[in-house]
Student: 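Once you've had a glance at the structure underneath, I'll fire off some questions.
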Amino acid sequence: MIEKILLLTVAVLLSGCVNLHVHFPDAADKTAGGEVPTRPADAGGAAK
Amino acid sequence: MLLRTAVLLLLLAPLAGSAAQITLSLGSLRHPSFEAEGVMLSFDAARLGEADIRLGVLRVAGTEYRALKIHCSGFYFDGRRLDCPEGSVRREDERGRDRPALPFSLAWRAEDNFLSFSMHDVDAVAFSPLVKRLRSWQPKGTIDFGLTVEGDRAWLGLAVRDLEFASREGDVSGKAILLTVAAGAEHRGGAWQWNARLDWSQGELYRAPWRREAGVIMEAAGSLSETTLQVGLVRLDVMGTGSVNASLAWDRARGEATEWGFVTERLDLASAMDEWVQPWLGTLDFPKWYAAGHARFSAEWKAGGLRRFYAGLEDARVADGTGYVELGGVNAQIPWEASSPTDAEISVAAGRLGDLPLGGFALPLRLDGSEATVKGLSAPMLDGRFVIDLLRLAKRPSGWHGEFEGGIEGVSMPKLSRALKLPIMAGSLTARVPRIAYEDDVLRLDGALAIEVFDGGIIVHQLRLMDPFGKERRFIAEVTARNLDLGMLTRTFAFGSIEGRFDADLHDLEMQNWQPLRFDARIASSEGDYPRSLSIGALKDITALGETGQPKALERVPERSGFSFGYDRIGLSCALRNGVCLLDGVAREGEGVVLMRGSGIPSVSIIGYNRHIDWEALVARFREVIAGRPGAIIE
């Protein structure tokens, strides 16, 4: 009985951990020509 | 010299009646209207009435012509009288021989100092013997010209029909021009006292940068001596614009004006601006301005420079070419003197600075040489004030320079944000600009602009506005934001609810028309201890930014208020170039980047895909997500 309760608790906890996958609008058609960024933005102060 | 000519003719008179070609060298001829040198007269004694006259040099009205051949039918000359009722002039040089001759009629009498010279219905191109480089102007049309001198009096008439011409460079041209000139003169006290009227009734004239349709009448009077041309008074009526009274003194020897001036009557400002001022400003690369209402101008030029200028505006409306600045109900008296400073009186009934309405104000303007200064202007803006402590504009050899000190005082943020079509914000705004300098077409902010907002601080520094008065106006800045309340920000934009705090850096931000052209942006959770959570609404809104529908993970989450997910850290960056944003995050996870790392139970991690994001599409989706929600007005 205790094992069942523990398993159920773990299942509830795991279901509360969400990985949200967001596919942002792709710029594939814009990367074909012209200058596009190739390096990520400088870290700046905000990353520190 | 005329006496010598007469004697020669008397000696040759007996030859008349016998067939003989006679050539006479007459030396020079002088008359108040012209001078001729190297005069050769040829005629056939058997064919009276036909003669050829060659002129080595002819000077008329200060212009010199060389190698002219004149043929006369009905010729008569006896030393005291000359008749050439059917004459033609041709240049004898190589070019002139291939061109049409210029027909004319001439009569001269010595006894009463009578001279009559006329041309009727002459093709404009036929003037090439007299007008140098005329062919390059491709003239068309017909011309009547008449000059009569009788003793001390003279009359001149000119009629031009369907005249067309264009310079090779295309900077001067005329089309279908119909104009008449009538002038009369009397020789008194060693000078010709004259009056004239010009009536330009049809056609169009272009003299870069100005273009003008017909509808101009000019009446003028003055005097002409050997040394000077004085135009005592000229009145110019320009249809659609108004009238101008002007004067001019011209040094004939130096070929330049020694002084001139004009006073306009009440002019239509819109027409004057479009036709006269704006084309001229355009050549100086000065930005376009629109104006309407009425205006008066005057100017005085003397001793090689402008001495005085006056501009008056009556109930005018003035706006810059980009529609950013607009002033209405403008009344102004703006005097300027080269020798001393002057104070102008300018009042404005209402105005607009971008989307911000301005109340009525007086502009205390001081002009000193090529420098204009405004000190202590206070204009009502919404429920606060727009203040100019100092505005200085100066024309220097290197171009226009300017500086500005002032700001905005006590403007309520709800009204300001509504006027700027931004999300409604609370509080009031007082912002002082320590100094903005204008040089080389760049507006540059000295120091930094600090704004306290969302319980944190934003500092804008290295602020520059490139081409500030043009349509290509660009805004460049470095922006640093610290410890902003994410909850307040997301609630303001009605974008779910994300509790937390964040720092942001916008490096090398460049915007045009408030649209970013490029930047390196980085956003990260602030240091410190504070609640970090996302509402279910925020998750759904973030999901809506993506290309796919609602993920299955969210379907299991209960839809009730107060339910939220914990997170540990937000970290994302965007490098924008040419509409493409290169995304990065806290860490990489397969093909995606982690933008938010979850923590606690329940928690959420957000992983973004498509590292090269279409920026315009992303902004459009953001607008769609928050559209129609209370509290957010984004356009």
Side-chain angles (χ1 to χ4, degrees), chain A, chain B residues 480-482 502-508 518-524 526-527 539 542-543 545-548 551 553-554 556-557 565 571 573-584 589 592 595-596 598 601-618 620-621:
Chain A
M1 184 62 180
I2 294 170
E3 285 177 353
K4 278 187 178 176
I5 292 169
L6 283 173
L7 277 171
L8 194 60
T9 307
V10 170
V12 169
L13 289 177
L14 286 175
S15 70
C17 298
V18 176
N19 273 345
L20 189 66
H21 298 269
V22 184
H23 289 259
F24 292 110
D26 191 11
D29 53 335
K30 291 191 176 178
T31 52
E35 184 210 355
V36 293
T38 51
R39 274 189 325 119
D42 292 338
K48 291 169 189 168
Chain B
T480 307
R482 288 293 176 268
F502 74 99
D503 299 341
D505 285 307
L506 269 164
H507 169 62
D508 212 7
R518 62 176 288 155
F519 59 71
D520 282 327
R522 191 149 183 107
I523 296 169
S526 303
E527 297 294 329
L539 274 188
I542 292 168
T543 308
L545 296 179
E547 289 178 318
T548 52
L554 282 183
R556 301 198 305 269
V557 177
F565 298 86
S573 71
C574 169
L576 182 77
R577 307 280 185 281
N578 291 326
V580 179
C581 161
L582 178 60
L583 183 71
D584 209 351
E589 191 171 295
L595 308 176
M596 176 186 281
I601 298 172
S603 71
V604 65
S605 291
I606 300 174
I607 299 120
Y609 292 88
N610 298 337
R611 290 195 61 215
H612 285 100
I613 298 172
D614 184 329
W615 178 259
E616 277 180 42
L618 183 67
R621 281 187 192 176

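Letters A, B, ... mirror the listed sequences (proteins, then strands); counts begin at 1.
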Student: Considering all heavy atoms of both residues, which atom of A:P25 and which atom of B:N610 are nearest to each other, and what is their separation?
Tutor: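 Nearest heavy atoms, A:P25 then B:N610: C-ND2, 4.4 Å.
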Student: Can you tell me how far the NE2 atom of A:H21 sits from the OG1 atom of B:T543, to the nearest 0.5 Å?
Tutor: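 It comes to 11.0 Å.
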Student: Are the side chains of B:L595 and A:F24 in contact, using a 4.5 Å heavy-atom criterion?
Tutor: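 Yes, side chains in contact.
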Student: Run the side-chain hydrogen bond (donor to acceptor under 3.5 Å, both in side chains) test against B:R518 and tell me which residues pass, sequence neighbours left out.
Tutor: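 side-chain hydrogen bond (donor to acceptor under 3.5 Å, both in side chains) check on B:R518 returns B:D508.
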Student: Quick one: salt bridge (Lys or Arg N to Asp or Glu O under 4.0 Å) partners of B:E589, sequence neighbours excluded?
Tutor: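 In terms of salt bridge (Lys or Arg N to Asp or Glu O under 4.0 Å), with neighbours along the sequence ignored, B:E589 is linked to no residue.
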Student: Between B:G608, B:S526, B:C581, which has the largest tally of heavy atom pairs under 4.5 Å with chain A?
Tutor: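 Among B:G608, B:S526, B:C581, the one with the most close pairs to chain A is B:G608.
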Student: Atom CG of A:D26 and atom CG of B:D614: how far apart are they, to the nearest 0.5 Å?
Tutor: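 Answer for the CG-CG pair, A:D26 versus B:D614, is 8.5 Å.
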Student: Can you see which heavy atom on B:S605 is nearest to which on A:N19, and at what distance?
Tutor: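 B:S605 and A:N19 have their closest heavy atoms at CB-OD1, 3.2 Å.
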Student: On a heavy-atom basis, which atom in B:R621 and which in A:H23 lie closest, and how many Å separate them?
Tutor: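 In this case the closest contact between B:R621 and A:H23 is NH1-O, 4.5 Å.
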